[in-house]
Amino acid sequence: MVTRVDPARTGVRAGRVVGLLTAGLAVATLVADRGAFREATTLLLDLVGVDPGLSVTALFWGNVALAAAARYSACYVVGSLLGVVYDWIDRPSTTALAGLVLAVGLADGALAALDARSALVGAAYLLAWLCYVPVFAYLFDEDAGDARSGPRRLGAE
């Protein structure tokens with residue numbers, strides 16, 4: 001099998017790394033703020049007339065699992081899009097890629113900081129996104145050439 005290297009595939013791989021890091025951050029912040037979730041959910045279930053019991057715990061861990069999956073998926077997609085944009089602007093230096101990633105990281109970090117009400121959490125998300133650049137640079141093979149980036153033909157070695 002031929003290993004194909006193109007910026008979008010490399011972006012997916014680097015996005016997966018960022019996805020794992022941000023999913024871990026999401027889980028950590030949710031677990032740290034578990035009490036607020038329990039209070040809000042219990043209040044909401046009491047208003048509806050449902051006995052909270054074990055359902056609050058199940059809702060909490062379901063929320064944690066969904067948040068982790070959503071973070072991983074979003075970073076997977078955004079990582080791929082960053083690779084596509086990198087290729088679209090004719091593969092500039094990694095400094096340009098770092099600028100793109102910095103913009104994405106600042107936006108994601110700002111949203112995370114607002115959500116968690118903590119600038120430290122926002123900075124952690126920004127640092128997780130900045131990990132994209134060295135991972136991308138390590139995995140991307142600029143000299144792979146066009147011969148390996150196209151579709152593989154049947155019977156071709």
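Predicted model, so just to flag it, every value in this text is computed and none were measured. We're numbering straight along the sequence, starting at 1.
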Looking only at non-hydrogen atoms, find the nearest pair between [X] and [Y] and report the distance.
{"X": "Ala112", "Y": "Tyr125", "answer": "CB-CD1, 3.4 Å"}
{"X": "Thr94", "Y": "Val133", "answer": "O-CG1, 4.3 Å"}
{"X": "Ala128", "Y": "Val18", "answer": "O-CG2, 3.5 Å"}
{"X": "Ala68", "Y": "Val27", "answer": "CB-CG2, 3.9 Å"}
{"X": "Tyr132", "Y": "Gly79", "answer": "OH-O, 2.8 Å"}
{"X": "Gly122", "Y": "Ala113", "answer": "CA-CB, 3.9 Å"}

With rounding to the nearest 0.5 angstrom, report the [atom1] to [atom2] distance, [X] to [Y].
{"X": "Asp115", "Y": "Leu30", "atom1": "CG", "atom2": "CG", "result": "8.0 Å"}
{"X": "Thr10", "Y": "Asp87", "atom1": "OG1", "atom2": "CG", "result": "10.0 Å"}
{"X": "Arg117", "Y": "Thr29", "atom1": "CZ", "atom2": "OG1", "result": "11.5 Å"}
{"X": "Leu102", "Y": "Thr95", "atom1": "CG", "atom2": "OG1", "result": "12.0 Å"}
{"X": "Asn63", "Y": "Arg34", "atom1": "CG", "atom2": "CZ", "result": "12.5 Å"}
{"X": "Leu66", "Y": "Trp61", "atom1": "CG", "atom2": "CH2", "result": "13.5 Å"}

Are [X] and [Y] joined in one hydrophobic group, where the rule is that I, L, V, M, F, W and Y side chains link up if heavy atoms are under 4.5 Å apart?
{"X": "Val104", "Y": "Ile89", "result": "yes"}
{"X": "Tyr72", "Y": "Leu139", "result": "no"}
{"X": "Leu82", "Y": "Trp88", "result": "yes"}
{"X": "Val135", "Y": "Leu20", "result": "no"}
{"X": "Leu97", "Y": "Val78", "result": "yes"}

message = Using a 3.5 Å distance criterion without hydrogens, assess whether the side chain of Thr41 forms a donor-acceptor pair with backbone atoms of Arg38.
response = no
task = In sequence, state the C-alpha distance, the side-chain angles, and the governing distance for Leu126 and Asp108, and then conclude on side chain to side chain contact (heavy atoms under 4.5 Å, CB included).
result = CA-CA 7 Å; Leu126 174 61; Asp108 194 25; over 6 Å; no
query = Going by the angle between their ring planes, with limits at 30° and 60°, are Phe140 and Phe136 parallel, tilted or perpendicular?
reply = parallel
message = Does Phe60, at its CZ atom, have more than 12 non-hydrogen atoms belonging to other residues, nucleotides or ligands within less than 6.0 Å?
response = yes
ask   = Mind checking whether Val17 and Arg13 have side chains closer than 4.5 Å, heavy atoms only?
value = no
